[in-house]
Amino acid sequence: MKTPNQYLASLPTTIFTIMSQLAVKHGAINLGQGFPDTEGPQDIIQVAADALRDGRNQYAPLTGLPELREAVAASNQRFYGLEVDPATEVVVTSGATEALAACLMAVVEPGDEVVVIEPLYDTYLPALKLLGAVPRCVRLAPPHWSVPEAELRAAFGPKTKAIMLNSPMNPSGKVFVREELELIADLVREHDVYAICDEVYEHLTFHVKHIPLMTLPGMRERCMRIGSAGKSFSLTGWKVGYVTAPAALASVVAKAHQVLVFATAPNLQRAVAYGLNKDDSYYEGLSAQMETQRDLLRDGLHRLGFDTLPADGSYFIVADISRHAAGRGDVEFARWLVEHAGVATIPVSAFYDPQGDAAPQNLIRFAFCKKPEILREALKRLEKALS
């Protein structure tokens, strides 16, 4: 029998699956997976439930229901001053992961180079390699995740087609500041490339402002900006994403979306449209709640002797294990925490290209998008195991 796709067949079981399986086996608190352990707003859920009975359960339009596209356009204007045509510049997708794939398919061809920034979300590299693209990885420097300008400039060349930018960033929690975005924008213009902007945590920043790259001069026609209802409304299982892009690009993203999925559940789209129109107090409350949970976990980790790295956005905070590792790398230490402390985390080395230079071995990622009582129990377990 002929072999299946060799690249996919060769991919190992991910560390995310391994850590989740170990968490179940050892009855551990799972601070590895990045999803809230509470339901999203009940009014949004009720809209989705009611929409199942309104007689509109057949295929939604390819680019999304008009009311959701209009809500996405209004959200762009409301939060960032972006004028967006909902009819031609918004594409609704089945989650941000599908949006990423569709945006890459829209602009990348075999042999093209794409600049990616490490540590990076784990689907970026497989998606690029399946498309035949060549990733050019640039590493941010901990502990402040600063952008190395010389290395970033060197990653761009005549074969560069796009850059993937994740801000607020998973796993680091970094929110790119204007000076860094201006550097990226300069390189995008200079090399005449596209920017695929993964902004799913746009409403989860803590006393810093999220600035979409699309708002910078010359970026409007080059950017594909990706948002996520799952992150904005703590409803990750719904898998509703949306792409904002200039009409010429959005039309190609829509063609990729047609090949991949075609349409997203209409009742969920109507509920997300309702959610996007919630007033500012909702978004402010969501950010404040996550910041409180971040602070609870961060301060507890400090008391236990872990240094933590700055986390200005997202669901995640990264801790340095050097004081407790006793010579173990991040993978071995993360396994030890599951087995001996009953707390699951993710080793940060999982967010680097395995074909690249050796990844840092002293960092693990904690998810703080959990109930405060769960975070306190996790800290108690850590204290007992490390004492």
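For this chain, numbers begin at 1 and follow the sequence in order. Computed over heavy atoms, backbone and side chain alike; hydrogens, waters and symmetry mates excluded.
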May I ask you to check if Lys231 and Phe233 form a cation-pi contact, with NZ or CZ under 6.0 angstrom from the six-membered ring centre and within 45° of the axis?
no

Could you check whether atom OH of Tyr59 has more than 12 heavy atoms from other residues, nucleotides or ligands sitting under 6.0 Å from it?
no

Does Arg323 come within less than 4.0 Å of Asp307, counting only side-chain N to carboxylate O?
yes

Will you find, in the side chains of Arg53 and Asn267, an N or O donor that is under 3.5 Å from an N or O acceptor?
no

Ignoring hydrogens and angles, tell me if any N or O in the side chain of Asp312 forms a donor-acceptor pair with the backbone of Val208 under 3.5 Å.
no

Is a donor from one side chain sitting under 3.5 angstrom from an acceptor on the other, for Asn170 and Tyr315?
no

Note: Gln269 and Thr264 closest approach over all heavy atoms is NE2-O, 2.9 Å

Residue pair Ile226 / Leu100: nearest heavy atoms and the distance that separates them
CD1-CD2, 3.6 Å

Can any side-chain N or O of His324 pair as donor or acceptor with the backbone N or O of Leu304 at less than 3.5 Å?
yes

Going by salt bridge (charged side-chain N to carboxylate O under 4.0 Å, His left out), name the pairs with one or both residues in residues 12-23, residues two or more places apart or in two chains.
none

Charged N to carboxylate O under 4.0 angstrom, Arg220 versus Glu89?
yes

Under 4.0 Å between a side-chain nitrogen and a carboxylate oxygen: does that hold for Glu221 and Arg189?
no

Tell me whether Arg78 is salt-bridged to Asp280, with the criterion being a basic N under 4.0 Å from an acidic carboxylate O.
yes

Determine whether the side chains of Gln42 and Gln46 contain a donor N or O and an acceptor N or O closer than 3.5 Å.
no

Testing the 3.5 Å rule here: is there a donor-acceptor pair between the side chains of Thr14 and Thr17?
yes

Checking Tyr80 against Glu202: is there a side-chain donor and acceptor pair closer than 3.5 Å?
yes

Of all heavy-atom pairs between Ser167 and His210, which one has the smallest distance, and what is that distance?
O-CE1, 3.1 Å

In sequence, state the C-alpha distance, the side-chain angles, and the governing distance for Tyr274 and Ile44, and then conclude on side chain to side chain contact (heavy atoms under 4.5 Å, CB included).
CA-CA 7 Å; Tyr274 168 86; Ile44 298 179; 3.9 Å; yes

Which heavy-atom pair separates Ala185 from Leu216 by the least distance, and what is that distance?
CB-CD2, 4.0 Å

On a heavy-atom basis, the closest approach of Asp320 and Leu363 is CA-CD2, 3.9 Å

Verify the cluster assignment for Ile317 and Ile374: are they in a single hydrophobic cluster under the rule of side-chain heavy atoms below 4.5 Å apart?
yes

Is any side-chain N of the basic residue among Glu190 and Arg222 closer than 4.0 Å to the acidic one's carboxylate O?
no

Lys380 vs Glu383, salt bridge (Lys or Arg N to Asp or Glu O under 4.0 Å): CA-CA, chis, key distance, verdict
CA-CA 5 Å; Lys380 288 180 182 178; Glu383 182 175 19; over 6 Å; no

Salt bridge (Lys or Arg N to Asp or Glu O under 4.0 Å) between Asp50 and Arg270, worked out:
CA-CA 10 Å; Asp50 293 343; Arg270 291 197 285 282; over 6 Å; no

Ion pair Arg335/Glu339, N-O distance below 4.0 Å:
no

Indicate whether any N or O donor in one side chain lies under 3.5 Å from an N or O acceptor in the other, for Asp295 and Thr292.
no

Of the non-hydrogen atoms in Ala28 and Val343, which two are nearest, and what is the gap between them?
CB-N, 3.8 Å

Side-chain donor-acceptor contact under 3.5 Å, His302 with Thr308:
yes

Below 30° counts as parallel, above 60° as perpendicular, anything between as tilted: where do the rings of Tyr121 and Tyr124 land?
perpendicular

Expected output: side-chain Asp198 to main-chain Leu165 donor-acceptor under 3.5 Å:
no

